[in-house]
Structure formats: structure tokens, C-alpha cells
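What follows is a single structure, written as C-alpha cells, with notes after it.
This chain uses plain numbering: 1 for the first residue, then up along the sequence.
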Amino acid sequence: MQLLKSILRSFYYAFRGIGKMIQTERNFRIHMTAILYVIIFAFFYGLDGTQWAILCLTLGLVPSLEIVNSAIENAVDIKTREQNPNARIAKDFAAAAVLISAISSVAVAISLFSEKEKLINAFRIALTPPWLLIIAASVFPIFLFIRGGKKDKKIKRKGLNK
């Protein structure tokens with residue numbers, strides 16, 4: 001019973017972390033929005049099982065690294081109160097990991113969605129009712145989602161925060 005409680009507590013902490021990322025990190029909300037639209041498009045496109053596996057791994061990589069990036073930034077901010085070149089380098093390295101994963105994700109998407117006939121068909125589906133209406137109606141709420149969230153209450157330290 002204690003083991004089950006420990007496992008459930010771990011899941012609780014992980015989901016709490018995801019919730020905090022959604023509340024405070026705009027870039028994470030952007031990544032999550034892009035993931036939503038890519039998944040919808042992938043259904044229209046008709047990926048096979050292997051392609052879905054590749055897509056899922058790719059889609060998990062970028063937000064995971066965004067979480068690691070935020071964790072590193074927060075840890076550095078806790079440890080360093082003054083401007084420190086090593087703190088800046090640590091933060092830049094973490095941000096670079098996110099950028100590289102995002103660029104590689106675009107390359108994977110180009111590869112997965114490269115069949116001209118399937119691409120044209122997917123756009124045809126997306127641009128017909130009711131899908132066009134659903135997609136169009138989602139733009140404003142998605143904009144509010146990306147823009148929104150609670151302001152991060154981190155202490156802004158000169159020279160450390162972006």
C-alpha cells in the first residue's frame with residue numbers, strides 16, 4: 001500500500017509540474033499548441049503505425065526539453081543572485097537543447113508529411129466544413145491560451161533572466 005501511495009504521489013508531482021509549466025511558461029504553451037495542431041493534421045494525413053511512433057517520440061522531446069530548460073533556469077536562479085557568466089552559459093546551453101530539438105522536430109515533420117498526394121488530401125480535409133469551422137473557431141481560444149497563464153513570480157535577477 002505504501003508503494004502505491006509513493007507511486008501516486010510521484011504522478012501527482014509530475015502533473016503538478018506540467019500544470020505549473022502551462023501556467024507560467026509561454027514557450028511551453030506554444031509547444032503544446034503546435035503539438036495539438038500537428039496531431040490533428042496527422043489524422044487528416046493518415047500516418048501509419050511506425051510514422052505515428054516516430055511522431056509521438058518527436059512530439060514528446062521538445063516539451064520535455066522545455067521543462068528541463070525551465071528547471072535549469074530556476075535552479076540557476078536559486079543558486080546565483082548576482083550576474084555570473086557560468087550561470088548564463090548553463091541557461092544558454094539548456095535553451096540551445098530546446099532549439100535543436102525543435103529544429104529536428106521540424107525536419108521529422110517534413111519527412112513524415114512529404115507525400116504530395118497525402119499532403120494535398122490532408123489540406124482538402126482540413127479546409128472543408130466542419131473541420132475548417134472547428135479550426136477557425138479554435139484560433140482565438142488558442143491565442144488566449146498562449147498569451148494567458150499566470151505571470152511567473154520568479155525574482156528577476158539582473159543579468160540572469162531572459
Is [X] reaching over with its side chain to a backbone N or O of [Y], donor-acceptor style, under 3.5 angstrom?
X      : Y      : result
Ser70  : Ile67  : no
Ser105 : Ser101 : yes
Thr33  : Arg29  : yes

Rounded to the nearest 0.5 Å, what separates atom [atom1] in [X] from atom [atom2] in [Y]?
X      : Y     : atom1 : atom2 : result
Ile35  : Ile40 : CD1   : CD1   : 12.0 Å
Ser6   : Phe11 : OG    : CZ    : 11.0 Å
Lys5   : Arg9  : NZ    : CZ    : 8.0 Å
Arg147 : Arg26 : CZ    : CZ    : 12.0 Å

Could you check whether any side-chain heavy atom of [X] comes within less than 4.5 Å of a side-chain heavy atom of [Y], counting everything from C-beta outward?
X      : Y     : answer
Gln51  : Asp48 : yes
Ile125 : Tyr45 : no
Ile18  : Met21 : no
Met32  : Leu36 : no
Tyr12  : Leu8  : no

Open item on the list: Measuring centre to centre across the rings, with the benzene-like ring taken for any Trp, is Trp52 within less than 6.0 Å of Phe43?
Closed with: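 Yes: the rings meet the under 6.0 Å criterion.
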Open item on the list: Aromatic contact between Phe123 and Phe44, with the criterion being ring centroids under 6.0 Å apart: yes or no?
Closed with: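 Centroid distance Phe123-Phe44: not below 6.0 Å, so no.
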So if you build clusters from Ile, Leu, Val, Met, Phe, Trp, Tyr with side-chain heavy-atom gaps below 4.5 Å, do [X] and [Y] land together?
X      : Y      : result
Tyr37  : Phe113 : yes
Ile142 : Ile30  : yes
Ile134 : Ile39  : yes
Leu119 : Ile54  : yes
Leu99  : Leu59  : no

TODO: Check the pair Leu65 / Asn69 against side chain to side chain contact (heavy atoms under 4.5 Å, CB included), numbers first and verdict last.
DONE: CA-CA 6 Å; Leu65 285 173; Asn69 178 42; over 6 Å; no
Task: Audit row: Asn121, Lys118, side chain to side chain contact (heavy atoms under 4.5 Å, CB included) steps and yes/no - done: CA-CA 5 Å; Asn121 189 48; Lys118 289 175 81 174; 5.6 Å; no
- [ ] Mind listing the closest non-hydrogen atom pair of Gly60 and Ser64 along with its distance?
- [x]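 Here Gly60 and Ser64 meet closest at O-OG, 2.6 Å.
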TODO: Please report the shortest heavy-atom distance between Ala42 and Leu55, naming the atom on each side.
DONE: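 Looking at all heavy atoms of both residues, the closest pair is CB-CD2, 3.7 Å.
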TODO: Answer yes or no: does atom CZ of Phe93 have more than 12 heavy-atom neighbours from other residues, nucleotides or ligands under 6.0 Å?
DONE: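 Open.
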